[in-house]
Amino acid sequence: KPFDLAGVHTHVSASVGIARSDHDCGSVDALLRRADIAMHAAKKLGRSRYVWFDGSMERELRSRNATEAGLRRGIPEGEFLPYFEQQIDLVSGSLHGFEMLARWQHPERGLVLPEEFIPVAEECGLIGDLSMSVMRQAFEEARGWDPQLTLSVNISPSQLKDPWLAQKLLKLLVETGFSAERLEVEITESSLFENLGLAQSIIGSLKNQGIRIALDDFGTGYSSLAHLRALPFDRIKIDRSFVSSINDNPESAAIVTAITRLAESLHLAVTAEGIEDELIEARLRSIGSYKGQGWMFGRPLPADAVRRLLAERNLLPVRRGEEPQRRRMNNRDRTRRTR
């Protein structure tokens with residue numbers, strides 16, 4: 001219970017981990033280690049509780065430590081790569097741009113998805129380095145696309161606590177030569193909940209440079225309406241959980257419709273995530289005008305596959321010095337055909 005200590009109202013709480021010595025535990029040190037692992041599990045579950053140790057906790061800890069070691073090695077060695085998910089204008093059917101997603105090209109395990117390494121990167125303070133490394137590669141790649149194509153990047157909640165985030169992003173744009181007007185930064189609702197004042201400062205700095213701001217995962221978790229009033233967003237992204245079930249769940253359809261009408265009244269653009277088939281796309285087209293993304297338009301692609309896709313659609317401008325070489329190649333082709 002709370003008590004007074006030197007005139008200060010004080011409350012003491014504890015998280016407790018418990019391990020038993022009769023469960024294949026050969027030493028006191030091993031017993032203490034297991035109790036410590038269980039204590040950290042108790043803290044993760046919300047603190048002020050007790051948790052008994054079981055073997056899965058130790059396996060999870062080993063896996064987590066291996067992931068952290070891999071992050072510390074792999075980020076400077078360039079193992080983390082940008083993949084790109086197409087974003088389509090549902091009205092015209094044209095390619096509007098891409099969202100950048102991080103992938104880990106592990107030297108032994110192959111391609112590792114972000115669900116496995118992003119939480120660990122957040123926890124051990126490496127998410128900023130990881131994000132900047134992948135964004136640098138993405139900016140350098142997207143610089144050579146058709147200038148009408150945009151690039152969206154996600155900012156994690158912990159990055160939004162960094163007061164120098166805007167300066168770091170702008171420095172990266174200058175160094176890579178990527179246009180700020182082609183960049184859209186996506187911020188989740190949950191990241192705004194902890195420090196709205198700092199978020200306002202960062203978003204304001206980015207907006208002043210021409211970068212567009214999107215509110216991601218709209219409608220999940222927190223008071224979105226207050227955020228829309230407090231921050232100068234350009235776009236709302238409707239969470240995939242609503243979009244993917246729009247034809248099966250009347251409540252999802254009602255939420256998508258309501259968000260769309262709200263965005264229209266606020267003059268905000270809308271992106272619908274999770275478009276998996278033509279029926280979902282048709283339903284969205286009947287409700288409003290969207291930019292859409294999802295597996296219906298293809299899985300996320302590595303940089304070389306994106307270049308091939310854009311070349312097929314004539315969306316790779318000829319760079320200075322390349323046109324004469326192409327003419328020479330075309331001339332050789334015509335000569336071969338003549339022969």
Side-chain angles (χ1 to χ4, degrees), residues 56 59-88 95-145 149-159 172 176 178 183-186 188 214 216-217 237 239-241 243-244 271 273-277 292-313 315-316:
S56 65
R59 291 190 294 273
E60 181 182 340
L61 180 63
R62 283 199 297 268
S63 174
R64 184 250 176 239
N65 289 342
T67 299
E68 180 179 345
L71 285 163
R72 296 190 183 280
R73 182 204 69 247
I75 293 173
E77 292 186 4
E79 294 177 9
F80 293 86
L81 306 172
Y83 270 54
F84 303 91
E85 183 176 358
Q86 296 180 59
Q87 296 178 322
I88 305 297
L95 179 64
H96 187 278
F98 295 86
E99 178 181 353
M100 184 205 79
L101 306 168
R103 297 290 185 268
W104 185 3
Q105 190 62 51
H106 196 282
E108 298 172 358
R109 299 172 55 198
L111 200 65
V112 180
L113 296 179
E115 298 83 55
E116 185 168 338
F117 60 84
I118 291 295
V120 178
E122 290 262 14
E123 183 182 333
C124 65
L126 292 173
I127 190 65
D129 292 340
L130 170 61
S131 179
M132 289 297 170
S133 171
V134 177
M135 280 196 287
R136 177 180 292 277
Q137 298 173 66
F139 292 169
E140 290 173 346
E141 179 65 31
R143 182 181 57 198
W145 300 344
L149 295 175
T150 62
L151 181 67
S152 299
V153 298
N154 293 282
I155 296 299
S156 74
S158 61
Q159 283 180 283
L172 197 58
T176 58
F178 186 68
L183 179 63
E184 186 169 273
V185 170
E186 299 182 5
T188 61
D216 199 9
D217 299 339
K237 296 195 75 174
D239 187 72
R240 66 180 63 249
S241 62
V243 176
S244 61
T271 294
E273 298 184 284
I275 302 176
E276 298 174 355
D277 56 48
Q293 59 187 94
W295 286 356
M296 173 184 166
F297 308 112
R299 300 293 180 97
L301 301 170
D304 56 348
V306 171
R307 284 194 296 271
R308 289 194 295 270
L309 173 70
L310 297 180
E312 292 170 0
R313 302 187 184 187
L315 292 173
L316 283 181

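Keep in mind that this is a model prediction, so the values were computed, not measured. As a basis for the values below, the full set of heavy atoms in this structure was taken, side chains included, without hydrogen atoms, waters or symmetry mates.
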- prompt: Say you draw a straight line from OG of S158 to CD of E123; how long is it, rounded to the nearest 0.5 Å?
  reply: 11.5 Å
- request: Ignoring hydrogens and angles, state whether a donor on the side chain of Q87 or T271 is under 3.5 Å from an acceptor on the partner side chain.
  value: no
- prompt: Does the side chain of L172 reach to within under 4.5 Å of the side chain of F178, using non-hydrogen atoms?
  reply: no
task: Working to the nearest 0.5 Å, report the span between CG of L315 and CZ of R307.
output: 14.5 Å
query: Any idea which heavy atoms bring L149 and G97 closest together, and the distance?
result: CD2-N, 4.1 Å
task: Would you check if M100 and E141 make a side-chain contact, meaning some heavy-atom pair closer than 4.5 Å?
output: no
message: Please check this pair: side chain of T67 against backbone of S63, looking for a donor-acceptor N/O pair closer than 3.5 Å.
response: yes
task: Measure the shortest side-chain to side-chain distance between R64 and C124 over non-hydrogen atoms and say whether it is less than 4.5 angstrom.
output: yes
message: Could you check whether any side-chain N or O of Q137 sits under 3.5 Å from a backbone N or O of G78, counting only pairs where one atom can act as donor and the other as acceptor?
response: no
query: Nearest 0.5 Å, what's the CD1-CZ distance between I127 and F117?
result: 8.0 Å
field: Spacing of L81 atom CG and S133 atom OG [to the nearest 0.5 Å]
entry: 8.5 Å
message: Run the side-chain contact (heavy atoms from CB on, under 4.5 Å) test on I118 and L130 for me, step by step, so that the C-alpha distance in whole Å, both residues' side-chain angles and the decisive distance to 0.1 Å come before the verdict.
response: CA-CA 9 Å; I118 291 295; L130 170 61; 3.9 Å; yes
field: Trace of the salt bridge (Lys or Arg N to Asp or Glu O under 4.0 Å) decision for E184 with K237
entry: CA-CA 12 Å; E184 186 169 273; K237 296 195 75 174; over 6 Å; no
- prompt: Does a side-chain N-to-carboxylate-O contact under 4.0 Å join E116 and R109?
  reply: yes
message: side-chain contact (heavy atoms from CB on, under 4.5 Å), that's the test. Do F80 and I75 meet it? Break it down for me.
response: CA-CA 6 Å; F80 293 86; I75 293 173; 3.9 Å; yes
message: Is the shortest side-chain heavy-atom distance between P107 and E77 below 4.5 Å?
response: no
- prompt: Quick one: does V153's side chain get under 4.5 Å of V134's, heavy atoms only?
  reply: no
query: What is the minimum heavy-atom distance between P119 and P114, and which atoms define it?
result: CD-O, 3.8 Å
field: Main-chain N/O of T176 paired with R143 side-chain donor or acceptor, under 3.5 Å
entry: yes
task: Check the pair H96, Q293 against side-chain contact (heavy atoms from CB on, under 4.5 Å), reporting the backbone distance first and the verdict last.
output: CA-CA 10 Å; H96 187 278; Q293 59 187 94; over 6 Å; no
- prompt: So do the side chains of D217 and E273 get within less than 4.5 Å of each other, counting heavy atoms only?
  reply: yes
task: For atom CD of Q105, decide whether the heavy atoms of other residues, nucleotides or ligands shown that lie under 6.0 angstrom number more than 12.
output: yes
message: Rounded at 0.5 Å granularity, tell me how far CZ in F98 sits from CD in Q86.
response: 5.0 Å
message: For a salt bridge (Lys or Arg N to Asp or Glu O under 4.0 Å) check, start with the C-alpha distance between R72 and E68, then their side-chain angles and the critical distance, and finish with the verdict.
response: CA-CA 6 Å; R72 296 190 183 280; E68 180 179 345; 2.9 Å; yes
Polar side chain donor-acceptor pair, S244 to E276, under 3.5 angstrom: no
query: What's the shortest heavy-atom distance between S152 and E186, and which atoms?
result: CB-OE2, 3.3 Å
field: Criterion side-chain contact (heavy atoms from CB on, under 4.5 Å) on F297 and L95, from CA distance to verdict
entry: CA-CA 10 Å; F297 308 112; L95 179 64; over 6 Å; no
message: Looking at every non-hydrogen atom in both residues, tell me the closest pair between G144 and L316 and how far apart they are.
response: O-CD2, 3.6 Å
- prompt: Hey, does I88 have a side-chain heavy atom less than 4.5 Å from the side chain of M296?
  reply: no
- prompt: Is there a side-chain contact between L309 and F84, using heavy atoms and a 4.5 Å cut-off?
  reply: no
- prompt: If you round to the nearest 0.5 Å, how far is CD1 of I155 from CG of D216?
  reply: 11.5 Å
field: R73 and E79 ion-paired at < 4.0 Å
entry: yes
task: List the atom of L183, the atom of F139, and the distance in Å for their closest heavy-atom pair.
output: CD1-CE2, 3.8 Å
statement: Correct closest heavy-atom pair for W295 and P300 would be NE1-CD, 4.3 Å
